[in-house]
Structures are given as structure tokens and as C-alpha cells.
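Report on the structure given below.
Just so you know, ligand 1 is whichever comes first in the structure, and atom 1 is the first atom listed for that ligand.
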Amino acid sequence: MREEITRLMSLQTIDRELRELQNSLSSIAGRVDLLRLETEGYRSELSRLTLEEQQSTLNRRRLEKELAEGEARTRTKRMRLNQVKTDKEMQAVAAEVETLKETTTRLEAELIALMEGAEARGPKIKELAALTEQRQAELIAAEKEIAAQVEDLKISIAKQKVDRDQMAQNIEVPLLQRYEMIFSRRAGLAVSEARDGTCQGCRMRLPPQLFNELQKHLQVYYCPNCQRILYFEAPAKE
Ligand SMILES: [Zn+2]
């Protein structure tokens, strides 16, 4: 039984290293993912603003054309005012001129609003373009930098897994399954020392009877509180 516990402890050492490796791998990958996400965010905001800018420029041209046409029409109407014969006709043309003026005023206000929008958008586009470029460069640098690291980690993990499987083969399946379950649910500590009558995994005092029994190494014992597999190391003689 003592031997079985020793194997479990070796397995736990390997599993903990494996866990570390996998954690570093995902934290490295996470950093690059974050950078990529940020870059994509900037880029999509930039393309939204650029599209808005193009639309605004088109609208501006349309408004400028409409304004020019309106002015030409107003000039024609004004000339006609000098030629009309009757009061009624005069009133009609004057009303048309008035309507044209109102339209001009409205178009001018629209044009000014568009110009103000463009004025605010310009610096934003510039800033975003610079940020996007900067993040993109950082992303490429980070990807390059970690590529080798990731490769090394993947190789280490694969090697470690081979050792792990070999070690696991020597452990009874039910015990192994129980160990794996506890390992994943108890933050990578499944085999815990029982010292001075206390489970070192959860710090709970063990029933004296259990503590006595497990020192004999006759079977595998579990902590009644945290379910960890217990082992006892005889204190070194002074
Ligand atoms: Zn415990």
C-alpha cells in the first residue's frame, strides 16, 4: 500500500508540473488574444468612421450642388420680378423667391452640421489609424516572440504526458479515477500529508483512530473532510 501512495505522489508531481505548463501556455495565448481583440476593435471602429466620412463627403457635394442650383433659380426668379406685369403675378413670383430662400437657409444649416461633424471626425480617424497601426505592430511582435515559447511548451507538455500515462498505468483504475477527480476539484492537490493528526490539505484534525490506522499503511485512507488521499511520513528521529 505504501508503494501505491508513492506512485500517486509521483503522479501528482508530474500532474502539477503539467498543470503549470498548461497554465503558462494559456496565459501566453490569452495575452495575444487580448491584443488581437483590441486591434480588431480599433480597426472596426476606424472603418465605421471612414465609411461615415465618405458618406458625409458625398452628402456635402450633393448639398453644395443643390445650393448652387437654388441660387441660380433665385437669380432667375429675381430677374422675372422686374418683368412681371400684374400684382398677382408679382406676388406669386415673390412667394417662390421666398420659398427658395427658405430652402437655401435649410440647406446651409445642413451643410454646416456636416462640416462640424467632419471637423470632429478628422482627429478621431487620425488617432484611431495610429492606434490600429501600433496595436497591429505589437500583435505581430508578440506573435513572433511567443511562437517559439509556445512550441517549447507544447513539446514539454507532450513529453510530460507520456511520462504521466506511464506512471498512471501502474495505479489501480478506481484509485486513479478517484485521484484524478480530487486533483481537479482540489486545486491540484489530491495526495495530502497527515501530520500531527491533521490533514495538511484542509487543515482539519483527523479522528485519532484514523490517524493511528493510516500510520500502518494497510490501505488507502481519505480525509473525511476534503476527501484527499492521505499519507503519513514518520518524523525523522532526533
Ligand atoms: Zn483534508
Side-chain angles (χ1 to χ4, degrees), residues 1-38 40-41 138-139 141-238:
M1 203 37 65
R2 178 74 222 184
E3 208 176 306
E4 189 109 74
I5 297 280
T6 311
R7 282 196 209 113
L8 277 176
M9 283 165 72
S10 310
L11 187 64
Q12 177 163 276
T13 306
I14 294 178
D15 277 343
R16 288 172 76 95
E17 277 167 24
L18 203 49
R19 205 173 133 108
E20 283 291 307
L21 288 172
Q22 264 151 353
N23 282 347
S24 347
L25 186 60
S26 41
S27 96
I28 286 177
R31 240 181 19 237
V32 172
D33 283 347
L34 201 71
L35 214 50
R36 188 175 297 126
L37 218 66
E38 230 175 40
E40 275 162 17
E138 280 174 25
L139 179 62
E143 275 172 341
K144 216 166 156 185
E145 193 191 306
I146 70 155
Q149 251 175 299
V150 167
E151 213 34 56
D152 286 350
L153 275 173
K154 280 185 176 163
I155 290 168
S156 304
I157 288 173
K159 270 190 198 153
Q160 204 69 314
K161 274 194 174 144
V162 172
D163 289 351
R164 196 243 173 232
D165 289 346
Q166 256 167 17
M167 183 66 71
Q169 269 172 15
N170 298 320
I171 298 165
E172 297 285 333
V173 173
L175 182 62
L176 181 65
Q177 283 175 345
R178 189 156 175 172
Y179 158 85
E180 282 169 350
M181 191 267 279
I182 304 170
F183 185 87
S184 70
R185 299 177 65 90
R186 296 280 182 272
L189 185 74
V191 187
S192 162
E193 188 183 359
R195 199 195 308 149
D196 303 329
T198 303
C199 164
Q200 298 301 299
C202 69
R203 304 272 159 196
M204 206 198 71
R205 267 209 100 67
L206 299 165
Q209 171 89 28
L210 174 66
F211 187 59
N212 285 334
E213 282 298 314
L214 69 89
Q215 294 182 39
K216 297 177 194 158
H217 300 297
L218 294 175
Q219 63 173 85
V220 178
Y221 292 94
Y222 302 94
C223 169
N225 182 48
C226 68
Q227 315 304 327
R228 287 189 175 94
I229 299 156
L230 294 170
Y231 71 91
F232 175 78
E233 203 87 70
K237 292 194 176 105
E238 280 160 31

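- For the pair Leu139 and Val32, the tightest heavy-atom approach, listed with the atom from each and the gap, is CD1-O, 3.8 Å.
- Below 30°, between 30° and 60°, or above 60°: for His217 and Phe232 the angle between ring planes is between 30° and 60°, a tilted geometry.
- Of all protein N/O/S atoms, those under 2.8 Å from the Zn ion (ligand 1) are Cys199 SG, Cys202 SG, Cys223 SG, Cys226 SG, and waters are not counted.
- A cation-pi contact, defined as under 6.0 Å to the ring centre and within 45° of the axis, is absent between Arg16 and Phe183.
- Listed for the Arg186 side chain is a donor-acceptor partner under 3.5 Å among the backbone atoms of Cys226.
- Within the structure, the salt bridge (Lys or Arg N to Asp or Glu O under 4.0 Å) test picks out the following pairs touching residues 205-215 (sequence neighbours left out): Glu213-Lys216.
- Formation of a donor-acceptor pair under 3.5 Å by the Arg228 side chain with backbone atoms of Leu189 is found in this model.
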